[in-house]
Amino acid sequence: MIDKTKMEDRVIPYKMLLETIATTCELTERILPEQEIPSIKIGTKCFESVLSEAIEKAREGLPIVGYSFAFPPEYLYCFDCVPVCIEAVSYFLAALLPEGVEKYYDIINNWGHPYHTCSSQKGVMAMTLDDLFKFDAIICPTGPCDNSAASYPFFKYKDIPLILSDIPFLHEEKSYEYYGKQLKLTLYELGKVIDQEPDFNRMKKHIEIENQVQKIQLEIFELKKAIPCPVENLFNAFSAGATILMAGRPENYTFYTEMLEIIKKRYKRGEHSGGEEKIRSIWPYMLIFFDFAICEWLEREIGMSILFDIFNYNLTEPINTKSGLDTLFKGMAKRTMDFPMMKQSTQFFDPFIDDCVKFAKDFSADCFIYTSHIGCKQFGSVPQILREALKDEVGIPMLIIELDVGDQRMTSIKMIKNKIKMFANTLL
Ligand code: SF4
């Protein structure tokens, strides 16, 4: 007979995450007035449901499959498994645990992993080193960056099979065909490791849910053009989490559908979620994950809207699920290669600059705020080029903040707030 407690203990950080999310959900239900920050109320409820089911499946003894955020989780539903997003665990716990996850960064740094690598993976690497996670396999593309390509092999040290799908550099037809074949191969390889045959019909159903979600995301994205922006800043953080943790799940559809209803109502009333909108900002890379509260602070203290971050503007086309496996996998390849960070970091930087200039104009942005994250070395020189392009072509400024988005010790939230306050004063 299966020892359910032993099985459940293969995903201890997921249990920690469920506990913090459930507490946040209960607190916000009790404390926040009805209309306040709905993304946190709806989002936490949906995450709670997904995590509870994952833990239940772990209790039943299903294999634990870790995946990189750059590998869309809906593809893993061709198996009976417990998908665990490596980066979502690190950053959600960084945001929700009062003491953060810095102690885990220290564990992995002390083990010998370079301190300047991406904290999005370091948290779970340390948790695995400490046997808090017991993965049966890990699947990951060879992207989006050198950093993740160099960090993921750590898991082999713990004898965890690491399955890699090879990402091509160019974003064009032959690359999508190549990567589609890679995705299929890697799913079969994963099946061998966990002793299951992939069920692509079941996977299609989850991809179809995600196709519906993408339509809603696009509608929300368009509504952000309105002045004032009817979407609260914190929505971006929950939407980022939803994209990497809940994709392909009915809960993801619920999150975006309920949010769209609220956003439409605000739009019709010409309302901004946090009072008066004074500054419209675009964050072309990441939000600050160790302190989500800054989203609300920006609205309340400065009147600054975050129109979107990198996880909220990479909207892809629906995947054709009706025309055979080759078409299906090509569509899956395109979606994966156009995924946040994959799109920007696995090709030349020109399309990123072009997109940003277009967004600035289309969304009437007053400024950009660029979080230059210590891990993203492949993007080290891009902020300055983007700053010049925005100044020359749109006439708006960009603030660059050097930091680790998951580790509050590199640049403290106090310093970040001071920088933004000073920058905002130059705009008002
Ligand atoms: S692109 Fe940057 S943030 Fe994303 S995984 Fe790589 S180093 Fe981390």
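Start at 1 and go down the list; that is how both ligands and their atoms are numbered.
Counting heavy atoms of neighbouring residues, nucleotides and ligands inside a 6.0 Å radius, atom CZ of Phe348 does not exceed 12 of them.
A distance limit of 4.0 angstrom between heavy atoms and ligand 1 selects the residues Phe69, Cys118, Ser120, Gln121, Cys145, Asn147, Tyr285, Met286, Met341, His373, Gly375, Cys376, Gln378.
A side-chain donor-acceptor contact under 3.5 Å links Ser239 and Tyr256.
Shown here are the ring-ring contact (aromatic ring centres under 6.0 Å, His included) partners of Tyr157, two or more places apart in sequence or in another chain: Trp111. A search for side chain to side chain donor-acceptor pair (under 3.5 Å) contacts involving Tyr105 returns nothing, not counting sequence neighbours.
Within the structure, the salt bridge (charged side-chain N to carboxylate O under 4.0 Å, His left out) test picks out the following pairs touching residues 221-231 (sequence neighbours left out): Glu222-Lys225.
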Salt bridge (charged side-chain N to carboxylate O under 4.0 Å, His left out) between Asp106 and Arg409, intermediate numbers included: CA-CA 11 Å; Asp106 289 346; Arg409 296 169 302 186; 3.0 Å; yes
